[in-house]
Amino acid sequence: QSENANGVRDQGRAYIYKKTSADLTLSKTIEDTSLPIGAQLGRAVRLSGSGGNVFAAITAPGSTYIGDVLESGEQLYGSAYVYKLVGSVWTQEVKISPPKPRASFGISVDMDSAGTMLLLGSTSSGGVCQMYVKTNGVWESVEKQSFYPAERKYGDNFGFSLRLDN
């Protein structure tokens with residue numbers, strides 16, 4: 001859910017709930033009051049895994065910027081956060097920023113069921129999807145795994161919605 005946090009427009013917040021018998025109980029509220037206006041934390045969320053390996057990928061497609069983004073029309077550059085459930089506590093595993101400046105990086109997200117592959121969408125230059133892989137506990141961009149159409153133009157929005165098939 002992207003909502004006002006501490007009175008800042010579109011800064012965002014994400015909520016993770018746990019199902020207990022017939023009820024839902026709030027397990028974790030994820031927010032970052034240092035994020036700028038327009039960050040949209042929680043814009044895209046993907047829960048993955050089961051048992052002792054449960055992960056949450058949460059994006060903030062406007063979390064970093066140059067200048068006054070909303071007034072000047074500067075591009076929004078985003079980020080993604082991966083959290084892991086350890087016992088009953090959600091801990092941040094990594095913050096991922098784009099390897100190159102990409103407009104609205106993290107506009108969409110998907111993660112494999114093992115929590116080791118992450119696909120993030122961006123609307124940069126007509127759109128692109130970027131693959132990340134976790135090896136030995138380290139998340140890395142797989143530059144050879146950037147997906148985009150051969151002919152793309154501004155406004156195509158490739159990567160606005162995506163799905164990673166296990």
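When all heavy atoms of Ser48 and Ser113 are compared, the closest pair comes out as OG-CA, 3.2 Å. For the residue pair Arg163 and Leu119, the shortest heavy atom distance occurs at O-CD2, 4.4 Å. Scanning all heavy atoms of the two residues, the minimum distance from Phe105 to Leu120 falls at CZ-CD1, 3.5 Å. Shown here for Ala44 and Gly106, the closest heavy-atom pair between the two residues is CB-O, 4.0 Å. The minimum heavy-atom distance between Tyr15 and Thr29, with the atom names listed, is CD2-OG1, 3.6 Å. Scanning all heavy atoms of the two residues, the minimum distance from Leu47 to Ala56 falls at CD2-CB, 3.5 Å.
The line from OG of Ser104 to CD of Gln40 is 7.5 Å long, rounded to the nearest 0.5 Å. Rounding to the nearest 0.5 Å places OG of Ser122 at 11.5 Å from CZ of Phe160. We find the OG1-NZ distance between Thr91 and Lys28 to be 8.5 Å, quoted to the nearest 0.5 Å. In this structure, OG on Ser141 lies 4.5 Å from OH on Tyr132, to the nearest 0.5 angstrom. Taking CE from Met111 and CE from Met117, the interatomic distance works out to 10.5 Å, rounded to the nearest 0.5 Å. Once rounded to the nearest 0.5 Å, the distance linking CG of Leu41 with CZ of Arg13 reads 9.5 Å.
A 4.5 Å side-chain heavy-atom check between Ser79 and Ser97 finds at least one atom pair inside the cut-off. Contact annotation: the side chain of Thr116 never approaches that of Val133 to less than 4.5 Å [non-hydrogen atoms, C-beta and beyond]. Using a 4.5 Å cut-off on side-chain heavy atoms (C-beta onward), Met131 and Leu164 make contact. In this structure, the side chains of Leu85 and Phe55 stay at 4.5 Å or more apart for every pair of heavy atoms. Contact check for Glu93 versus Tyr81: no side-chain heavy atoms found under the 4.5 Å cut-off. Annotation: side chain of Tyr83 is in contact with side chain of Ile58 (closest heavy-atom distance under 4.5 Å). Put simply, the side chain of Trp90 reaches to within 4.5 Å of the side chain of Val54, judged on heavy atoms. Annotation: side chain of Val45 is not in contact with side chain of Thr59 (no heavy-atom distance under 4.5 Å).
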| task | Please step through side-chain contact (heavy atoms from CB on, under 4.5 Å) for the pair Gln92 and Val82, ending with a clear verdict. | result | CA-CA 6 Å; Gln92 184 177 322; Val82 176; over 6 Å; no
| Working for side-chain hydrogen bond (donor to acceptor under 3.5 Å, both in side chains), residues Thr20 and Thr25 | CA-CA 7 Å; Thr20 55; Thr25 306; 3.3 Å; yes
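Ion pairing between a basic and an acidic side chain is recognised when a charged N comes within 4.0 Å of a carboxylate O; Lys134 and Glu140 show no such pairing.
Checking Leu118, Asp112, Val109 one by one against Arg46, the side chain to side chain contact (heavy atoms under 4.5 Å, CB included) holds for a single residue, Val109.
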